Amino acid sequence: MAEEKLPTRAQDFSEWYNQLVLKAQLADYAPVRGCMIVRPYGWALWENIQGQLDRRFKATGHQNVAFPLLIPKSFIEKEKHHVEGFSPELAVVTIGGGEELAEPLILRPTSETIIGHMWSKWIQSYRDLPVLMNQWNSVVRWELRTKLFLRTLEFYWQEGHTAHATRQEAEDETLQMLGVYTDFAINEAAIPVIPGKKSDAEKFAGADITYSIEAMMGDGKALQAGTSHFLGQNFAQAFEVKYLDQTGVQQHCWTTSWGLSTRFIGAIIMVHGDDQGLVLPPRIAPYQVVIVPIFKNDEEKTGVLGVAKEIKAQLAKANIRVTLDERDGQSPGWKFNDWEMRGVPLRIELGPKDVAKQSAVLARRDRPGKEGKVFASLADLPATVEKLLAEIQDALLAKALTFRRSNTHNAQTYDELKKAVEGGFAYSGWCGNGSCEEKIKEETRATMRCIPLDQEAVLGPGGGSASGKCVYCGQPARNRAIFARAY
RNA sequence: CGGGGCGUAGCGCAGCCUGGUAGCGCGCCUGCCUUGGGCGCAGGAGGCCCCCGGUUCAAAUCCGGGCGCCCCGACCA
């Protein structure tokens, strides 16, 4: 329950986030360092995210599977870059049933290796391809510095894995799934994201190319909200994933993988949240509408609750996710604050006066205070609510996009970049040289987030184009990239 | 892995310096009263004071050791 006010975002963004997660009852700290318990409200949000993603995965031909948590340690060692990237953060099981294991097992940090192992058995012919799989699971990475949702030792996600006969097909798949994430983020979560390509320094351990969607949080920092990897033939070679092509020749498969995690909940919090608490996009909010009844005595209570239940039934019938707050002992004012903390997009306040007038007060979460309140007739309430929810969804996206654009700067010079990354994104030319990228990181703490696929969309209409020179060394730019401090 | 902070009621903390009956606020329970922006009053329940050892007539408090968590910086979704 929300007893107290949050610090404002301006005061202390990090503490605002920490307290909000606890007070909105999204998650709590587990008894083990760095581990998280996702509470019912947080998990309901995740289920809505899952639902929206899963239907997109199915629509693009993928099937869900379940691979085991435990993987032989030797598997991870078969792909050179993969082992280098992941060994520092592996959890290793050495004892089972009281006996030292002949071969240690690892808790999966991701499943490329064990899937590659199985594919080598399952894939024989070009007729077996493509293989399009996804799994919803949790993975373990022994992080040193943790934060609820953003970085925990164990986190929940989905990992998609596909195998293809040709390079082109695999590359197409990688970009297709990046597109799925982009569509989901923008149209369901109202988070404007920049799809782009990662630098070699930032790409996944074992990938040839990594793409990501990058979002700007409310403090101007970047968050990688989803990734899609073109793995080339790296894992196919390490695990002998081969097929016989039409001409009778053995070929290695081309594979991809792509993932989006509960970290995305962190993005939703930090993009839409305000000083009152969480603000959820209607399309994925566990409750889209909360009804708060108001009454003085038993007689009023009976009348108001009767109407409130009718309203609830009507809205539910129109497929609106609605809850009625019947809790005794909390005043309406208390409930207003509580549901604002928990980010419910629309609140219906219903008291005796409203019942008498056959109307209700609708309060928009995205416009706190009186400004966001309107009277609505009970007669056509579901239609009114649907319209408002759609407006709120659009308003959240528009607000986030405006915020991002106003904090994204076309930084032509290194000084401009330094200034821009203090509280936002710098969009700058880059020569493509890793040493320039490294210097920028050392000197400004900003990393290269991505090379946007759609250069024009970054700065928006009339935003100009990035410099043709590398922001660090002044050599001709091969790319235009986003630089920012990141979570 | 470095730096800092904190472990006392469900939560947030005070008490510790200067050893002597364990306290405050919130929450919880009961009753009354209230309810249109975090109501009020009265009564009540709730404690291995993180753990182990030492000093002492006496330890939440002093000393030694351990464990845990959080926050801030280097690596990562």
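Chain naming here is simple, since letters A, B, ... match the order of the sequence lines and numbering starts at 1 in each. Source: prediction; values computed, not measured.
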Original post:
Would you call A:Arg9-A:Asp219 a salt bridge at under 4.0 Å N-O?
Top reply: no
**OP:** Select base, sugar-phosphate, or nothing to describe what A:Glu15 touches, counting heavy atoms under 4.0 Å on all strands.
**Re:** nothing
Subject >> Distance in angstrom units between A:Trp334 CH2 and B:rC26 P, rounded >> reply: 15 Å
**OP:** Describe the nucleic acid contact of A:Gly329 in one word from base, sugar-phosphate, nothing, applying a heavy-atom distance below 4.0 Å.
**Re:** nothing
**OP:** Please tell me which of the listed nucleotides, B:rC39, B:rG36, B:rG38, lies nearest to the side chain of A:Asp338?
**Re:** B:rG38
**OP:** Please determine, for B:rU61, whether a Watson-Crick or G-U wobble partner exists with both distances under 3.5 Å, and give it or none.
**Re:** none
Original post:
B:rC28 and B:rG3: how far apart are their C1' atoms, nearest whole angstrom?
Top reply: 39 Å
For residues 302-311 of chain A, run the donor-acceptor check on the side chains, cut-off 3.5 Å, and write out each pair with its distance to 0.1 Å, sequence neighbours left out.
residue: A:Thr302; atom: OG1; partner: A:Asp298; partner atom: O; Å: 2.8

Original post:
For A:Leu223 and A:Lys147, take the nucleotide of RNA chain B holding the closest heavy atom to each; which residue's nucleotide lies nearer the 5' end?
Top reply: A:Lys147
**OP:** Return the nucleotide paired to B:rG31: Watson-Crick means purine N1 to pyrimidine N3 with N6-O4 or O6-N4, wobble means G-U with N1-O2 and O6-N3, both under 3.5 Å.
**Re:** B:rC41
**OP:** Determine the Euclidean distance between corresponding C1' atoms of B:rG66 and B:rA45; express it in Å to zero decimal places.
**Re:** 35 Å
**OP:** Starting at atom CG of A:Leu144, determine the distance to atom C1' of B:rC75, rounded to an integer number of angstrom.
**Re:** 7 Å
**OP:** Determine the interatomic distance between P on B:rG43 and the same-named atom on B:rU56; round to the nearest Å.
**Re:** 45 Å
Original post:
Paired with B:rG23 by Watson-Crick or G-U wobble geometry, both distances under 3.5 Å: which nucleotide is it?
Top reply: B:rC13
Original post:
Base, sugar-phosphate alone, or nothing: which one does A:Tyr156 contact when heavy atoms must sit under 4.0 Å apart?
Top reply: nothing
Subject >> Integer angstrom distance from the P of B:rG40 to that of B:rU35 >> reply: 13 Å
**OP:** Using the C1' atom as the reference point in each nucleotide, state the distance between B:rC52 and B:rG7 in Å, no decimals.
**Re:** 16 Å
Original post:
Given atom CG of A:Asp328 and atom P of B:rC33, what is their separation to the nearest angstrom?
Top reply: 14 Å
**OP:** Using a 4.0 Å heavy-atom cut-off across all strands, classify A:Ser14 as base, sugar-phosphate, or nothing.
**Re:** sugar-phosphate
Original post:
Can you find a side-chain donor-acceptor pair between A:Asn137 and A:Glu159 that sits under 3.5 Å?
Top reply: yes
Original post:
Closest nucleotide of RNA chain B for A:Arg151 versus for A:Tyr29: which of these residues is on the 5' side?
Top reply: A:Tyr29
**OP:** Measure from CD on A:Glu143 to P on B:rA74 and round the result to the nearest Å.
**Re:** 14 Å
Original post:
Is there a donor N/O on one and an acceptor N/O on the other, under 3.5 Å, for the side chain of A:Lys373 and the base of B:rG37?
Top reply: yes
Original post:
A:Gln276 has an atom CD; how far is it from atom P of B:rG38, in whole Å?
Top reply: 13 Å
**OP:** Classify the nucleic acid contact of A:Arg347 as base, sugar-phosphate or nothing, counting any heavy atom under 4.0 Å across all strands shown.
**Re:** base
Original post:
If you measure from the C1' atom in B:rC76 to the same atom in B:rG37, how many Å do you get, rounded?
Top reply: 43 Å
Original post:
A:His161 and A:Ser257: side-chain donor and acceptor closer than 3.5 Å?
Top reply: no
Original post:
Would you say the side chain of A:Ile76 lies within less than 4.5 Å of the side chain of A:Leu90, judging by non-hydrogen atoms?
Top reply: yes
Original post:
In the strands shown, is B:rG2 matched to any nucleotide by a Watson-Crick or G-U wobble pair with both distances under 3.5 Å, and which?
Top reply: B:rC72
Subject >> Minimum-distance nucleotide (side-chain atoms of A:Gln330 versus B:rG37, B:rC70, B:rC28) >> reply: B:rC28
Original post:
Counting any heavy atom closer than 4.0 Å, what does A:Lys301 reach on the DNA or RNA strands: base, sugar-phosphate only, or nothing?
Top reply: nothing
**OP:** Report the relative orientation of the aromatic rings in A:Phe230 and A:Trp254; use parallel for angles under 30°, tilted for 30 to 60°, perpendicular for over 60°.
**Re:** parallel
Subject >> Contact under 4.0 Å: A:Arg145 side-chain N or O vs B:rC72 OP1/OP2 >> reply: yes
**OP:** May I ask you to say what A:Asn18 touches in the nucleic acid, namely base, sugar-phosphate or nothing, with a heavy-atom cut-off under 4.0 Å?
**Re:** sugar-phosphate
Original post:
Taking atom C1' in both B:rG15 and B:rC6, what distance in whole Å separates the two?
Top reply: 16 Å
**OP:** Please determine if A:Lys441 and A:Glu437 form a salt bridge, counting it only when a charged side-chain N lies under 4.0 Å from a carboxylate O.
**Re:** no
Original post:
How far apart are the C-alpha atoms of A:Glu349 and A:Lys373, what are their side-chain angles, what is the distance that settles it, and do they pass the side chain to side chain contact (heavy atoms under 4.5 Å, CB included) test?
Top reply: CA-CA 10 Å; A:Glu349 305 172 9; A:Lys373 292 196 185 186; 3.0 Å; yes
Original post:
Base, sugar-phosphate alone, or nothing: which one does A:Glu349 contact when heavy atoms must sit under 4.0 Å apart?
Top reply: base
**OP:** Just compare B:rC69, B:rA74, B:rC76 and give me whichever is closest to any side-chain atom of A:Arg445.
**Re:** B:rA74
**OP:** Describe the nucleic acid contact of A:Lys335 in one word from base, sugar-phosphate, nothing, applying a heavy-atom distance below 4.0 Å.
**Re:** nothing
Original post:
Rounding to a whole Å, what distance do you find between A:Ile37:CD1 and B:rC69:C1'?
Top reply: 14 Å
Original post:
Rounded to the nearest Å, what distance is computed from the CG atom of residue A:Asn337 to the P atom of nucleotide B:rG27?
Top reply: 14 Å
Subject >> Value in whole Å for how far the P atom of B:rU34 lies from CD of A:Glu300 >> reply: 12 Å
**OP:** In whole angstrom, give me the gap between the P atoms of B:rU55 and B:rU61.
**Re:** 15 Å
Subject >> Distance below 4.0 Å between A:Lys441 side-chain N/O and B:rC75 OP1 or OP2 >> reply: yes
Original post:
Just checking A:Gly351: base, sugar-phosphate only, or nothing, at a heavy-atom cut-off of under 4.0 Å?
Top reply: base
**OP:** Could you tell me whether A:Pro88 contacts a base, only the sugar-phosphate backbone, or nothing, with contacts defined as non-hydrogen atoms closer than 4.0 Å?
**Re:** nothing
Original post:
Base, sugar-phosphate alone, or nothing: which one does A:Thr152 contact when heavy atoms must sit under 4.0 Å apart?
Top reply: base
Original post:
Is A:Leu260 touching bases, backbone alone, or none of the nucleic acid, heavy atoms closer than 4.0 Å?
Top reply: nothing
Original post:
Is A:Val361 touching bases, backbone alone, or none of the nucleic acid, heavy atoms closer than 4.0 Å?
Top reply: base
Subject >> Lys/Arg N to Asp/Glu carboxylate O, A:Glu391 vs A:Arg367, below 4.0 Å >> reply: no
